Amino acid sequence: PDRKSAGNFSKRPLFQEEEFKWLLREEVHTVLKQLQDILKEASRRFTLPATGSDSQIKQENFILGSSSADQVKGVLSLQGDAVYQALNLAILFSLKVCYECDETKDISLKIPRSTQALRFSFREDKQWKMQQIQDARNHVSQALHLLNSRDESYQFKTGAEVNKLMDAVMLQLSRARNRLTTPASMTLPEVASSSLMKMFNPPLPPDVLVNFYTNRSKLCLTAYQLHALQPNSNKNFKPAGSSVFHNPGAMFEFGNQKYEVSHVHKVECVVPWLNDALVFFTIALQLCQQLKDKVSVFSSYWNYRPY
Amino acid sequence: MKGSMQLLTVWGRRSPSHTITAIMVTDDQQTIVTGSQEGQLCLWNFSSELKMSPRAFLFGHTSPITCLGKSKDFEKQPYVVSAAEDGEMCLWNVASGQCIQNTQLPYTHTVICYYYCSFRMSGGGWLLCCGQYQDVLIIDAWTLEILHTFNSSQSLDWISCMCIIHSLRIQEDTLLAVSVSGDLKVWDLSSAVKSVQERNNIYEKESKCLQCMNCQTIRFCTYTERLLLIICSDSWKVYDYCDFSLLCISFSKSGQRFAGGEILAANRLLVWTEDGQSYIYQLPDRGVFKSISALNGTPNDTVFPRLLCYMSLTTKKEKSFSHPFVMGFLNERREPFYKILFCGETHGSITLWHIPDVPVTHSDGSPRYIPVTATSALQDAFKKHRSMTDGIIDQLGGTQDRIINSGVTASVYIPHHDMVVCGYQDGKIIVAPALQAAKARLLEEHSVLSKEWLLYKSLQGHSGRVTCLLHLHSKSTNFDVSWLASGGQDSCVILWDVFTGEMIFRFALHAGLVVHMSVPPQNCRPKFHQTVCCLTSDHSIVLLNFQDKMCLMHGRPHLFPVKTIKWHPIEDFLLVGCADGSVCIWDIENGALDRHETGETAKTILSSCDDSHTVLVETVDSILAGTRSPPPQEKKQRSKYKYFAPLSCRGLSVKKCMQYVFAEHSWGPFTVLPLKIKDDDDSFHILLFDMEELLKQLLPEPKKELKPANSFHGFDALRRATRTEEKPAQTLKRNKTATSFSPLNDQVKYFVHEHLFHSDNLNASAGAGVGTTRQKNKYKNPQKLKARTLRKTDVNITTDTVKLLLSCLFPWSVNKELDEFCIENLGIFMPQCAVSFGLLSKQYYHVSLTLPGWYLVSREKAKENQMCNLISPKIVYLAEEYTSRMGSEAASLDVPKDMNIITGRETMSHLLSLVFMVSQLMNLPLINKCKSHPSWHSDSSHQNPRDDSTGKSDLKLTGFHKILLNLNNVVHNLNMEMTPLVKLASHWRDQSVEVLEAVQAMLLAEIQSIMKTLRKTSISSQTVSMVQNENAEIQELPWIEQAQQCELKHIRNIIMTSK
């Protein structure tokens, strides 16, 4: 019913106007409510269910590279600590719940060198957060914040107003989705200098690079094994560009030393709640777009700005 | 890109959309800068009497502006930095409106703080930025490159707000920031300078969880150096800076959200909300604070802050409350020491409150209401200066009433016929010749005659507003020249004959209003040659065949707005990219949906078909695509194909359009560029004058029309010559044309080379120009009159165009006598109203357009109805400076000796070349090139034994060589005064005189000197002019003579120097 021929508006303005008023009064709020529910559900995925007492730290473990053939194995523990002092506030303003969600992880890297597995774990003294997940979560909470600004008592008066709100929400949502679906493409020197590299205890050997990202609902861990190029063998040195995944043979220069990637190991693991969140984002985006389309059918009313 | 473009703007009745998202007042307190959702910046004049008026619109960003900030010590350089949603940052010169620097980083900033510490830093200062990314970035305030970051060691998160603290007590600078998760972080700025130089990691000095969710602003009380104000959307809190203990908290009313605030005095603060309310509170005494914090840290109700005053936006604008208001506070540190609260609104208006120094309550203790002090809206300026806001052909077709109620909703310029077509709100389409329309619109002389004088046609057929127009032949030569397609709100596409005004066919799409129309690439199958692809508001795609008058395909609604349409040339598939990242592949043959893909596959499919000529519609996604201009080679290749107009003319497309205009030169010296900021805005038009092109056409070139082929040959030779200029001697032997260069020194060569013969497709464009005029004549033209005017324009249009340009540039009303002289003798006329100028920022395709009413700056107390277009009051002094500096040379200038010539091309070309030179010189970077070429003035650079013989053969020069010679003459003539001109220009540049100011001053001085010379010589040469007046038919003769004389003189020069 929301796709009507745009013609002949002027011939039946009365019904149109009534319908448009109904849309602004009723329908918009219904959609906003739905959106809020969906997004709340989505943002809940970013934090672990709080069961039992607050003081207990929740932890969720993911095993990267479960098959025996994988040469790199990692155990990632996602840690979501809802800042429990903030919970009081969160209940007061139920819609502005902003849970803290921390990602720390233990990765044991088994790189077969002389068949001895090397083990690394995360440092205790430093914090590292998965930026993609954090950004996505922040974008969702911003979208929620925008939606919360118009409660049911608020009366929308123009379609443009609805469109602007939807545009703002959609911008945040598509950002959130893009952050999860498109891992940053980095150059190898950027990988080498990233904060993740400094997070391990014992420190990673200089010929190992590790990158960690999400691609859609998958957590991916890439380990590059390097071998240093002789300083005088400059033949065909071509630094690799930025990419999500570098193939063996890619070369780069870091700290006055030229390296070549000799082996690449990639392991991944599906995170169910990331998948859920992505589905929620898609549904919410569709709802927003549908609302915009509905409003645009009546464009002749709000489009015209008489001065 | 050409630097010789001069822009004039013809605005419409309605102001362009400007939904303010950011606002700031510059440090000199004379300009308010606002940033908008649409991506433009607006500069407002701000007088000390608290009056505001919009001055200029800055185009450059393509996505919503997120924040503004100062970026230089304002006294030295009036620079402001702006950041947009897509990560683009621009550095603007607020005085001139030029974009100085721009960059695109993958970070969206929401707060920018300028930090400079003279005794610690060497560079130009830092921009501390935070936003939708972890931690704080340090960006160089001049180059806009990332220098370093402030890291946090724990609870890493986005920073939502921050402020810089200069503590006078301990002489230390500190950065305070609050993260999204509500943690307060403190970085030491003073020590950071060193760490940045050494590239050490900078971690926070302190971090404390304050649980301030949705924090909006953080402010430090400089009066007590103790209090810290943190404003969250649901409450504001005051903390003790020493131990971060909570001193005071106040919650917002339900449904209200705080947006920002400021500390007014030691115990008073100002807080404002998203819906335009603001409150001044009095804090309880310090002693009370202490007792509370000592008690248990939670304040009780008894020490609630007292509301002193409140301010609120009047309810009349309540309707438009769709976007939070943006407010700011200014505590003036200079005369007249006002405290001002300002607020930017959705509809492009600003409201001011003047806050009393000591706000008090009513005597009974109830809060006092502070009324609005001043308000100003963009639309007000458009209304007030109505004469400046007539659309380009608004005065045509219809009653006054109609004009007021309907703006131009779609517009297209047909370059080959110099016609402008406008579609209106009421469905009418008007076709008019562009130059005449512009003249009629701008100049006083023509306005009276306009209606009879101007040949226009009005086409009627749409029942709703016209939403898009497309001249098919300009996009693809497969179409008939006369075909014009229009789409309307009534979901109809109508095919018109633009010359007869006849409706050829009408398609009813039944799919919502027509958003966009485009044509398939020229290399598609002949079957689809006459096809138009329409995009409608319900996101469906319709392919119409205009030849057979049938619908080929109707791609029924896509779920999301269509972003990209690409035509797969071989298989005749239509690739449709949607806003959600999915791709639909339509089979054109049977009109069926072939595939639907999402995610990575979709991206791969879209990018697989990446040739620019296959793109029908392209809107650049805000984050993913960098909108940087393609490298030159790519551009060249692209210009082979027809470029397709962007989907909607928003800020993005302004840039795109500019790129397009500069990439292709086929548009000729005068172009009309229709633009829109938002889809439902009115169109406005930019008139582009290419001074180079004009100069080339203007200079006497009697044989050009006769021998076009030769001229091109000559041109090629010359290009070769200029290319190989590093080996001049060799070239000289081979190529005679190069001798014309030899007497010129490097600087002139640089000019000629760089600005006149630089572009490679110039050649092609000239060819195209000739080709099309011929083609034009070949086509059966139903309107003979039109055909005749077209041919006539070849002769006169250039002079007319130059006159129009000079009329608009000349500083009128400075000197009555001079005005009259211009009108009577030079044939340049007073504009109907002050003209809106446009200014191009070199190499960035950023444009600044002055708004109606801009001229009020220069003459605040002048009479309203008097025509005035002085850029600034400086002009007269500058003109004096110009005359005094150039005095001796100006006198020796070849001022034409008789009255006939003075109105003609010679003077025009002289003035235009000066305008060109001055604007070029003023645009040069701040290095004085004159110094590097001390031999600048000398004419003896090369002495070639062949010069004598070349002198003879020069007589047989082809047409093009003549242009060159004459250009040389102009340059040569100017060369006499080049040195002082260059010096003056660099002097002016040092004094930061703007380009337009320089041009106006120069025009004023030059015309003055011409007038003087003429007055002197007119008595002596009266008889001559009388005779020539009688022989009206052979008025062209002196031209040729003049040209030959110049030539002879030049040859003589060459011979002289070689001896």
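All chains are named by letter (A, B, ...) in the order of the sequence lines, taking the proteins before the strands, and each is independently numbered beginning at 1. Predicted model only: the values in this text are computed from it and were never measured.
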- Task: Determine whether the side chains of B:D157 and A:Q134 contain a donor N or O and an acceptor N or O closer than 3.5 Å.
- Result: yes
- Message: Rounded to the nearest 0.5 Å, what separates atom NZ in A:K164 from atom OG1 in B:T19?
- Response: 3.5 Å
- Query: Just wondering, more than 12 heavy atoms not from B:Y107 lying within 6.0 Å of its OH?
  - Reply: no
- Note on the structure: Output for pair (B:L559 CG, A:D293 CG), nearest 0.5 Å, gives 9.0 Å
- Task: Let me know if A:S149 has heavy atoms under 4.5 Å from chain B in its side chain, its backbone, both or neither.
- Result: both
- Roughly how far, to the nearest 0.5 Å, is the CG atom of B:D580 from the SG atom of A:C288? 12.5 Å
- Separation of B:Q132 CD from A:Q172 CD (nearest 0.5 Å): 5.5 Å
- Task: Give the intermediate values and the outcome of side chain to side chain contact (heavy atoms under 4.5 Å, CB included) for residues A:R175 and B:E85.
- Result: CA-CA 11 Å; A:R175 286 260 161 101; B:E85 196 87 60; 3.5 Å; yes
- Item | Residues which pass side-chain hydrogen bond (donor to acceptor under 3.5 Å, both in side chains) with A:Q286, listed by chain and number, not counting sequence neighbours | none
- Message: So, taking the atom named CH2 in B:W158 and the one named OG in A:S141, what distance separates them when rounded to the nearest 0.5 Å?
- Response: 7.0 Å
- Task: Kindly determine whether B:Q37 and A:D167 satisfy side chain to side chain contact (heavy atoms under 4.5 Å, CB included), including the steps that lead there.
- Result: CA-CA 11 Å; B:Q37 183 80 37; A:D167 282 339; 5.8 Å; no
- Item | Inter-residue atom distance A:N148.CG - B:R257.CZ, 0.5 Å rounding | 6.0 Å
- Query: By side-chain hydrogen bond (donor to acceptor under 3.5 Å, both in side chains), which residues pair with B:T536, not counting sequence neighbours?
  - Reply: B:D538, B:S540
